[in-house]
> 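Could you have a look at this structure, given as structure tokens, before my questions?
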Amino acid sequence: MKVFNTLTRQKEEFKPLVPGQISMYVCGPTVYNYIHIGNARSAIAFDTIRRYFEYKGYQVKYVSNFTDVDDKMINEARAEGTTVPELAERYIKAFLEDTTALNIEPATLHPRATHEIPAIIDFVQNLIDKGYAYEVDGDVYYRAKKFANYGQLSDQNIDQLEEGASKHVNDEEQGRKEDPIDFALWKGQKAPDEIAWDSPWGKGRPGWHIECSVMSTKYLGDTFDIHGGGQDLEFPHHENEIAQSEAKTGQKFVNYWLHNGFVTVGKDEEKMSKSLHNFVTVHDILQKVDPQVLRFFMASVQYRSQINYSEENLEQAATILNRFKNTLEDVEGRLSDQTASQADPELTAALSKTKEAFEAAMDDDFNVQNALTAIYELLPVVNSNVNSAASDKEALKTFVKNLKAWLLVFGVDAGRLVKSESSEDDSEIEALVAERTKARQEKNWARSDEIRDQLQAMGIVLKDTPQGTRWSRE
RNA sequence: GGCGGUGUAGCCAAGUGGUAAGGCAGAGGUCUGCAAAACCUUAAUCGUCGGUUCGACUCCGAUCCCCGCCUCCA
């Protein structure tokens, strides 16, 4: 299979370090608020990728961090009159709730910056010892120009970076650095009430970039397969991770860099961000949108493409999920009726063709659009078989099995889709359906329609088929 | 200014040097007592201007629009 590697800006044949196993690290959120749909997009993009690897039979070790200390955390905690650890606890919990609702698999490991302070200090000290870092008044900075390949990931030219940097100089900090493009590995404590840990350079806390280098190499090794994150992290975050990690280990840090596209909002399709005040949290959306719909919508856009978040696009996703639901229900109905099975070579052929097309599409840098197209083209073949006098029950069973596996790659739980859990009013519904069937036999259409309306008001949808009337919940 | 992405029917969205997949919505039809669901039929010459070619949406050049990164950010 092929993946688009940001490092080389082209699709490359994917080969894991260890056959059958994949190590991947994905930058997680800073936990100072509910996650927004941009965070969700990243989590969903890489969860979908992970699930496809698992579909293919790979064993995936998936590490994703929580940034639980940094300026934003400190500011927010201050604003709320609480502590950084309390803030972190609260929003990590919220993160897990939201991602569970979106059917995102928990990471194999969810390390946290504040739980790795000794390892971070060792890492920084190692960089100082090697001459890649220097201490100034309790801060430690990375000497970017010392790292020969600085800028390789984002194709940035160091000289031009300096120009850019000079426009945004944070005067005070810049004064301490040897060079404007140097970045902080360790930040000295600025105020007595600021959260801090003891270090060889005095009290302080880790810089943002260092935690990812430390945690990824600690849990996945000096070199690992895949590192993911949003496009906005390419520079400087990932650039800096490479510089830190490779300077320390002398090994190639990551073989494949994958970056997901943004979520845009509104008619102007602006990037969603806090500073533009147009961000939407998952927590809020899920008050009114079915989590499966949001999940499917975001998973159905290729990870590198931009997603425009809009009501209309969500509705389209909901419509498609509804088609899957209807087909699954109809198939289940046929599988449980008493008619004889009859082989349908066309359906059998379509099934294997779809499987092939689905996998070929996903093997091509996770081309989810083409993978879905393959499934869409299969539906009419299946539905036609379902509607025929004698269906191919063996083939339909295979279809259900395959569809479930395919939908799971997108994070959609087919079982939840058709959720036919029984409830206390089941017997009442059955009775009404039976009464309606009797009324229909007597051609009492008025009564028949009355019952249907009554059921509809209860959220029950009826389907009259040659094999009898079936009902399901909306 | 540097780097990168994007522009295909109302919307979402594939794709290739040889005459534009698929989905949604819309329209028509079939099935149905009527519905629902399903099935069938149905629409674009691919931002603009040049060039290469027997032939380009796909290659080259120019140009325009939009979006992002270069500063915290998924």
Side-chain angles (χ1 to χ4, degrees), chain A residues 6 9 26-30 32 35-46 67 70-72 75 151 154-165 167-170 181 208 228-237 239 259-264 268-276 279 297 300-308 310 312-313 315-320 322-323 325-327 329-330 333 357 361 367-377 379-384 386-388 440 443-446 448-449 452-453 456 461-466 469-472:
Chain A
T6 307
R9 304 241 167 239
V26 177
C27 290
T30 301
Y32 69 117
I35 58 169
H36 59 236
I37 50 178
N39 296 309
R41 199 285 211 263
S42 182
I44 288 171
F46 290 105
T67 297
D70 82 332
D71 289 338
K72 295 193 294 282
N75 293 336
S154 50
D155 274 335
Q156 297 291 330
N157 175 300
I158 291 203
D159 300 326
Q160 252 124 25
L161 278 179
E162 259 179 288
E163 280 178 36
K167 291 175 190 162
H168 306 282
V169 196
N170 165 343
I181 62 171
W208 173 41
Q231 271 168 4
D232 50 348
L233 297 183
E234 263 174 51
F235 189 91
H237 186 56
E239 199 72 67
H259 289 96
N260 65 271
F262 289 119
V263 176
T264 60
D268 297 336
E269 303 196 2
E270 279 181 315
K271 172 191 171 184
M272 188 190 63
S273 74
K274 304 223 160 159
S275 51
L276 291 173
F279 71 97
F297 166 57
S300 64
V301 178
Q302 203 252 6
Y303 74 98
R304 286 194 285 131
S305 300
Q306 180 173 291
I307 292 183
N308 187 24
S310 71
E312 190 182 354
N313 291 343
E315 277 167 25
Q316 285 199 12
T319 301
I320 291 165
N322 229 21
R323 289 192 67 195
K325 170 182 151 81
N326 279 323
T327 295
E329 284 175 351
D330 291 350
N367 190 329
V368 291
Q369 286 101 338
N370 281 342
L372 284 171
T373 292
I375 303 176
Y376 297 154
E377 288 178 334
L379 289 185
V381 183
V382 171
N383 286 326
S384 295
V386 166
N387 291 334
S388 65
R440 292 182 71 220
K443 299 203 190 303
N444 183 352
W445 310 128
S448 158
D449 290 349
R452 185 168 60 199
D453 291 344
Q456 180 152 34
V461 181
L462 298 182
K463 292 183 188 174
D464 295 327
T465 78
T469 299
R470 281 204 313 279
W471 61 272
S472 64

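A, B, ... follow the sequence lines: proteins, then strands. Residue 1 opens every chain. Model, not experiment: these values are computed from the prediction. Every heavy atom of this structure was used, including side-chain atoms; hydrogens, water molecules and symmetry mates were not.
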> Between B:A35 and B:A43, how far apart are the two P atoms, rounded to whole Å?
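Result for the P pair: 27 Å, nearest Å.
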> To the nearest Å, give me how far apart CG (A:D70) and P (B:U71) are.
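Between P of B:U71 and CG of A:D70: 17 Å.
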> Atom pairs, N/O to N/O, protein against nucleotides 5-9 of chain B, distance under 3.5 Å?
none

> Taking A:G151's backbone N and O only, do any of them form a donor-acceptor pair with A:E239's side chain (distance below 3.5 Å, no angle check)?
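Checking the backbone N and O of A:G151 against the side chain of A:E239, a donor-acceptor pair under 3.5 Å is found.
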> With RNA chain B as reference, determine whether A:N367 or A:T465 sits nearer its 5' end, using the nearest nucleotide of each.
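Per heavy-atom nearest nucleotide, the more 5' residue is A:N367.
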> Taking the side chain of A:N326 as heavy atoms from C-beta outward, which of B:C72, B:C34, B:A38 is closest to it?
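Nearest to the side chain of A:N326 among the choices is B:A38.
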> Looking at every strand, decide which applies to A:G228 at a 4.0 Å heavy-atom threshold: base, sugar-phosphate, or nothing.
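No contact.
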> Using the P atom on both, measure B:C65 against B:C49 and round to a whole Å.
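About 16 Å, rounded to a whole number of Å.
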> If you assign A:D155 and A:E234 each to the RNA chain B nucleotide with the nearest heavy atom, which residue ends up on the more 5' nucleotide?
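The 5'-side residue here is A:D155.
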> Does A:D464 have any salt bridge (Lys or Arg N to Asp or Glu O under 4.0 Å) partners at least two apart in sequence or in another chain, and if so, which?
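Per chain and number, A:D464 pairs via salt bridge (Lys or Arg N to Asp or Glu O under 4.0 Å) with A:R436, A:R440.
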> Could you give the distance separating B:U53 and B:U58 at their P atoms, to the nearest angstrom?
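The same atom, P, in both gives a distance of 16 Å.
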> If I pick the C1' atom on B:A14 and the same atom on B:C24, what distance separates them, to the nearest angstrom?
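B:C24 and B:A14 have their C1' atoms separated by 15 Å.
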> Rounded to the nearest Å, what distance is computed from the CD1 atom of residue A:I35 to the C1' atom of nucleotide B:A74?
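Computing the A:I35:CD1 to B:A74:C1' distance gives 10 Å.
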> Figure out the CZ/P separation between A:R452 and B:C34, and round it to whole Å.
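To the nearest whole Å, that distance equals 11 Å.
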> From the options B:A74, B:G2, B:G23, select the nucleotide whose nearest atom is closest to the side chain of A:Q156.
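The answer is B:G2.
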> Could you tell me how far apart A:F262 (CZ) and B:C73 (P) are, to the nearest whole angstrom?
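Distance, rounded to whole Å: 11 Å.
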> I need the CG-P distance between A:L233 and B:G4, as an integer number of Å.
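Distance, rounded to whole Å: 19 Å.
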> What's the closest nucleotide to the side chain of A:N387 if the choices are B:A13, B:A38, B:C12?
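Nearest nucleotide to the side chain: B:A38.
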> Measure all distances between protein nitrogen or oxygen atoms and nitrogen or oxygen atoms of nucleotides 24-29 of chain B, and list the pairs falling under 3.5 Å.
| unit_1 | atom_1 | unit_2 | atom_2 | d |
| --- | --- | --- | --- | --- |
| B:C24 | OP1 | A:R323 | NH1 | 3.2 |

> Nearest of B:C34, B:A14, B:C69 to any side-chain atom of A:Q369?
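Given the options B:C34, B:A14, B:C69, the side chain of A:Q369 is closest to B:A14.
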> Counting only distance, no hydrogens or angles, is the base of B:C11 paired donor-acceptor with the side chain of A:N308 under 3.5 Å?
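Looking at the base of B:C11, it does not pair with any donor or acceptor on the side chain of A:N308 (distance under 3.5 Å).
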> Test of understanding: with ring-ring contact (aromatic ring centres under 6.0 Å, His included), list the residues that count as partners of A:W208, not counting sequence neighbours.
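Per chain and number, A:W208 pairs via ring-ring contact (aromatic ring centres under 6.0 Å, His included) with A:H237.
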> Determine which nucleotide pairs with B:G4, using a 3.5 Å limit on both distances of a Watson-Crick or G-U wobble pair.
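Its partner is B:C67 (Watson-Crick or G-U wobble, both distances under 3.5 Å).
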> Output the rounded distance in Å from CZ (A:F235) to P (B:C73).
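In whole Å, B:C73 P and A:F235 CZ are 12 Å from each other.
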> Nearest to the A:W208 side chain among B:C72, B:A38, B:C34, which nucleotide is it?
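For A:W208, the side-chain atoms sit closest to B:C72.
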> If I pick the P atom on B:G61 and the same atom on B:G4, what distance separates them, to the nearest angstrom?
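To the nearest whole Å, 14 Å.
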> Distance check, C1' atoms only: B:G18 and B:C12, in whole angstrom units.
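Comparing C1' positions in B:G18 and B:C12 gives a spacing of 28 Å.
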> Residues in salt bridge (Lys or Arg N to Asp or Glu O under 4.0 Å) with A:R304, at least two apart?
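Checked A:R304 against salt bridge (Lys or Arg N to Asp or Glu O under 4.0 Å); matches are A:D365.
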> Taking the P atom in each of B:C54 and B:U42, what is the distance between them to the nearest angstrom?
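Each nucleotide's P atom is 36 Å from the other's.
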> Identify the nucleotide, in any strand shown, that forms a Watson-Crick or G-U wobble pair with B:A62, with both distances under 3.5 Å; if there is none, say none.
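Paired with B:U48.
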> Out of B:A74, B:A21, B:C73, which has the shortest distance to the side chain of A:E377?
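Among B:A74, B:A21, B:C73, the one nearest the side chain of A:E377 is B:A21.
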> A:I307 and A:F297: side chain to side chain contact (heavy atoms under 4.5 Å, CB included), yes or no, with the steps?
CA-CA 9 Å; A:I307 292 183; A:F297 166 57; 3.6 Å; yes
> Given that both distances must come in under 3.5 Å, which nucleotide forms a Watson-Crick or G-U wobble pair with B:A9?
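Partner of B:A9: none.
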> Any side-chain to backbone donor/acceptor pair from A:S448 onto A:N444? Under 3.5 Å, distance only.
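Not at all, since once roles are kept as given, no pair shorter than 3.5 Å links the two residues.
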> Identify whether any heavy atom of A:N313 sits under 4.0 Å from a base atom; if not, whether one sits that close to sugar-phosphate; answer base, sugar-phosphate or nothing.
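Touches sugar-phosphate only.
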> If you round to the nearest 0.5 Å, how far is CG of A:N383 from CZ of A:R323?
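Rounded to the nearest 0.5 Å, the CZ-CG separation comes out at 7.0 Å.
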> Measure distances between side-chain N and O atoms of A:S448 and base N and O atoms of B:G33, and say whether any donor-acceptor pair falls under 3.5 Å.
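Answer yes: a donor N or O sits under 3.5 Å from an acceptor.
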> Just how far, in rounded Å, is P of B:G22 from CG of A:N370?
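After rounding, the gap between these two atoms is 12 Å.
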> Taking salt bridge (Lys or Arg N to Asp or Glu O under 4.0 Å) as the definition, give me every residue that meets it alongside A:D71, ordered by chain and number, with sequence neighbours left out.
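Applying salt bridge (Lys or Arg N to Asp or Glu O under 4.0 Å) to A:D71 gives A:K187, A:R205.
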> Using only modelled atom types and a 3.5 angstrom limit, is any donor from either the side chain of A:T373 or the base of B:A14 paired with an acceptor on the other?
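Result: no qualifying N/O pair found.
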> Rounded to the nearest angstrom, tell me the gap between atom CG in A:D232 and atom C1' in B:C70.
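It works out to 12 Å between those atoms.
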> Let me confirm one number: the NZ-CG distance from A:K325 to A:D330, rounded to the nearest 0.5 Å.
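It is 10.5 Å, given to the nearest 0.5 Å.
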> Going by 5.5 Å between centroids and 30° between planes, is there a stack of A:W445 over B:G33?
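Taking the rule of under 5.5 Å and under 30°, the ring of A:W445 does stack on B:G33.
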> To the nearest 0.5 Å, what is the distance between OG on A:S154 and CD on A:Q231?
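So the OG of A:S154 and the CD of A:Q231 are separated by 12.5 Å.
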> Please confirm whether the shortest side-chain N or O distance from A:N383 to OP1 or OP2 of B:A38 is below 4.0 Å.
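No, outside the criterion.
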> For B:A38, give the paired nucleotide (Watson-Crick: N1-N3 plus N6-O4 or O6-N4; G-U: N1-O2 and O6-N3; both under 3.5 Å), or none.
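Matched B:A38 with B:U30 under the 3.5 Å cut-off.
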> Please round to the nearest 0.5 Å and tell me the distance separating atom CG of A:N260 and atom CD1 of A:I44.
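Going from the CG atom of A:N260 to the CD1 atom of A:I44 covers 10.5 Å.
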> Using atom C1' in both nucleotides, what's the gap between B:C40 and B:C31 to the nearest angstrom?
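The same atom, C1', in both gives a distance of 11 Å.
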